[in-house]
Peer 1: 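After the structure tokens below, expect a handful of questions from me.
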There are 2 protein chains.
Amino acid sequence: MAAMARAATTTDAFNAVAEPRRRQILDLLSAGERPVNDLVAVLGLPQPLVSKHLRVLREVGLVDVRDVGRQRVYCLNGRHLKPIHDWVKAYEASWSRRFERLDDVLEELKDQEFKKKED
Amino acid sequence: MAAMARAATTTDAFNAVAEPRRRQILDLLSAGERPVNDLVAVLGLPQPLVSKHLRVLREVGLVDVRDVGRQRVYCLNGRHLKPIHDWVKAYEASWSRRFERLDDVLEELKDQEFKKKED
DNA sequence: CCATTATATGCCGATATCGGCATATGTCAA
DNA sequence: TTGACATATGCCGATATCGGCATATAATGG
């Protein structure tokens, strides 16, 4: 039982959405549920490949399936995207308020300088 | 030149942050810049491993480096996290307003039913 | 029952990945 | 210069991944 060389894709949502085609699938499903062949047609990918990606998404809980006749209708289940959102959201300041924050720091320094002079 | 079996991790931020230890490194750096050995100490990982993860983060632009004497000080550069944020943000409704939306749909259906009766 | 449609699985090859260990590179200090 | 410190790289092994192709499974229609 050697050490795992890599975290399995099937393990968490972070890995699942690291694959561009899987994001594409989720994007399609965000507009509404769809049977596999629909996705195949839109994506222009071989059906087995699409099924495999759907499997990964299913295993991390990002999509749900429903049987309708001989079709399998997939639908988005965004619940497991929330952890990703929460994680990146914490970094929002690092891009949107990057310079603002720098300004804040400078402002603070100026204040301290001012107080020193008051002494 | 055979087809690539997998998108290189070094390719984009999505793949880079799919690795838990790399997220951990970013989390540490979000509190402020740090030299490699600092990270090594906190993470409790072998130094070469940390250096390799830092390399990946560097290559996708998620961190910047600065030479200070014989140390290399890494700092966060959140710019490339924004695409991830933007992507997941579009799914916000799929978890936070999931049931609200379902209610909306039901409401809409009821309205249509009502109109039919009016004819 | 049989053929057709819809989807999932299995096996394969090429390659990328993580982690381990040894070692190269670079910088300071005496 | 020599040696200690800080970090990066190289090579390796085990394994996971994506995509291709063939095939299994499942449900429907005739």
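Chain identifiers are assigned alphabetically (A, B, ...) following the order of the sequence lines, protein sequences preceding nucleic acid strands; residue numbering begins at 1 within each chain. Nothing here was measured: the structure is a model prediction, and the numbers come from that model.
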Peer 1: Taking the basic N atoms (NZ, or NE/NH1/NH2) and the acidic carboxylate oxygens, is any pair closer than 4.0 Å for B:Lys82 and B:Asp86?
Peer 2: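 Yes, this pair counts.
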Peer 1: Just the rounded figure in Å: distance from P of D:dT7 to CZ of B:Arg66.
Peer 2: 13 Å
Peer 1: Do any side-chain nitrogens or oxygens of A:Asn37 fall under 4.0 Å of OP1 or OP2 in C:dT7?
Peer 2: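 Answer is yes, contact under 4.0 Å.
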Peer 1: Would you say the side-chain atoms of A:Ser51 pair up with the backbone N or O of A:Pro48, donor to acceptor, closer than 3.5 Å?
Peer 2: no
Peer 1: Can a salt bridge be assigned to the pair A:Arg23 and A:Glu19 using a cut-off of 4.0 Å between side-chain N and carboxylate O?
Peer 2: no
Peer 1: For B:Asp67, does its backbone N or O pair with a side-chain atom of B:Arg72 as donor and acceptor, under 3.5 Å?
Peer 2: no
Peer 1: To the nearest Å, how far apart are B:Ile25 CD1 and C:dG19 C1'?
Peer 2: 13 Å
Peer 1: Taking the ring centre of each residue, are B:Trp95 and A:His85 less than 6.0 Å apart?
Peer 2: yes
Peer 1: Could you tell me whether A:Arg58 sits above the aromatic face of A:Tyr74, with NZ or CZ closer than 6.0 angstrom to the six-membered ring centre and within 45 degrees of the axis?
Peer 2: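 So A:Arg58 doesn't make the cation-pi contact.
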Peer 1: Measure from the side-chain N and O atoms of A:Tyr91 to the backbone N and O of B:Leu26, and report whether any donor-acceptor pair falls under 3.5 Å.
Peer 2: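 Here the side-chain-to-backbone pair exists.
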Peer 1: Take atom CD of A:Gln71 and atom C1' of C:dA6, then tell me their distance rounded to the nearest Å.
Peer 2: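 In whole Å, C:dA6 C1' lies 7 Å from A:Gln71 CD.
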Peer 1: Would you tabulate the pairs of protein nitrogen or oxygen atoms and nucleotide nitrogen or oxygen atoms of nucleotides 28-30 of chain D closer than 3.5 angstrom?
Peer 2:
none

Peer 1: Which value, rounded to the nearest 0.5 Å, describes the distance between A:Asp64 atom CG and A:Leu57 atom CG?
Peer 2: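 Answer for the CG-CG pair, A:Asp64 versus A:Leu57, is 11.0 Å.
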Peer 1: Send over the distance from A:Asn15 CG to D:dT15 P, rounded to a whole Å.
Peer 2: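 Whole-Å distance recorded here is 18 Å.
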Peer 1: Starting at CG of B:Leu54 and ending at P of C:dC18, how long is that distance when rounded to a whole Å?
Peer 2: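 These atoms are roughly 13 Å apart.
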Peer 1: From CG of A:Leu43 over to C1' of D:dC18, roughly how many Å is that when rounded to an integer?
Peer 2: 15 Å
Peer 1: Is the distance from OP1 or OP2 of C:dT7 to the nearest side-chain N or O of A:Arg55 less than 4.0 Å?
Peer 2: no
Peer 1: Any side-chain N or O of A:Tyr74 less than 4.0 Å from the OP1 or OP2 oxygen of C:dA6?
Peer 2: no
Peer 1: What's B:Pro35 touching, base or sugar-phosphate or nothing? Going by heavy atoms closer than 4.0 Å.
Peer 2: sugar-phosphate
Peer 1: Taking atom types as modelled, find out whether A:Arg21 and A:His53 have a side-chain donor-acceptor pair closer than 3.5 angstrom.
Peer 2: no
Peer 1: Is A:Arg22 close enough to D:dC18 that one of its side-chain N or O atoms is under 4.0 Å from OP1 or OP2 there?
Peer 2: yes
Peer 1: Answer with base, sugar-phosphate or nothing: what part of the nucleic acid does B:Gln47 contact at a heavy-atom distance below 4.0 Å?
Peer 2: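 The residue B:Gln47 makes base contact.
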Peer 1: Using atom CD of B:Glu33 as one end and atom P of D:dT7 as the other, report the distance to the nearest whole Å.
Peer 2: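 Between P of D:dT7 and CD of B:Glu33: 13 Å.
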Peer 1: Hey, any chance B:Ile25 and B:Leu45 share a hydrophobic cluster, counting ILVMFWY side chains that come within less than 4.5 Å of each other, even indirectly?
Peer 2: yes
Peer 1: Measure the distance from CG on B:Leu45 to C1' on C:dG20 and round it to the nearest whole Å.
Peer 2: 12 Å
Peer 1: Closest to the B:Lys52 side chain: D:dG19, D:dC21, C:dG19?
Peer 2: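 Closest nucleotide among those given: C:dG19.
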Peer 1: So what stems show up for DNA chain C if we need 3 or more Watson-Crick or G-U pairs in a row, all under 3.5 Å?
Peer 2: C:1-30 with D:1-30
Peer 1: Reading DNA chain C from 5' onward, which residue's closest nucleotide shows up sooner: A:Arg72 or B:Pro48?
Peer 2: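 Of the two residues, A:Arg72 wins.
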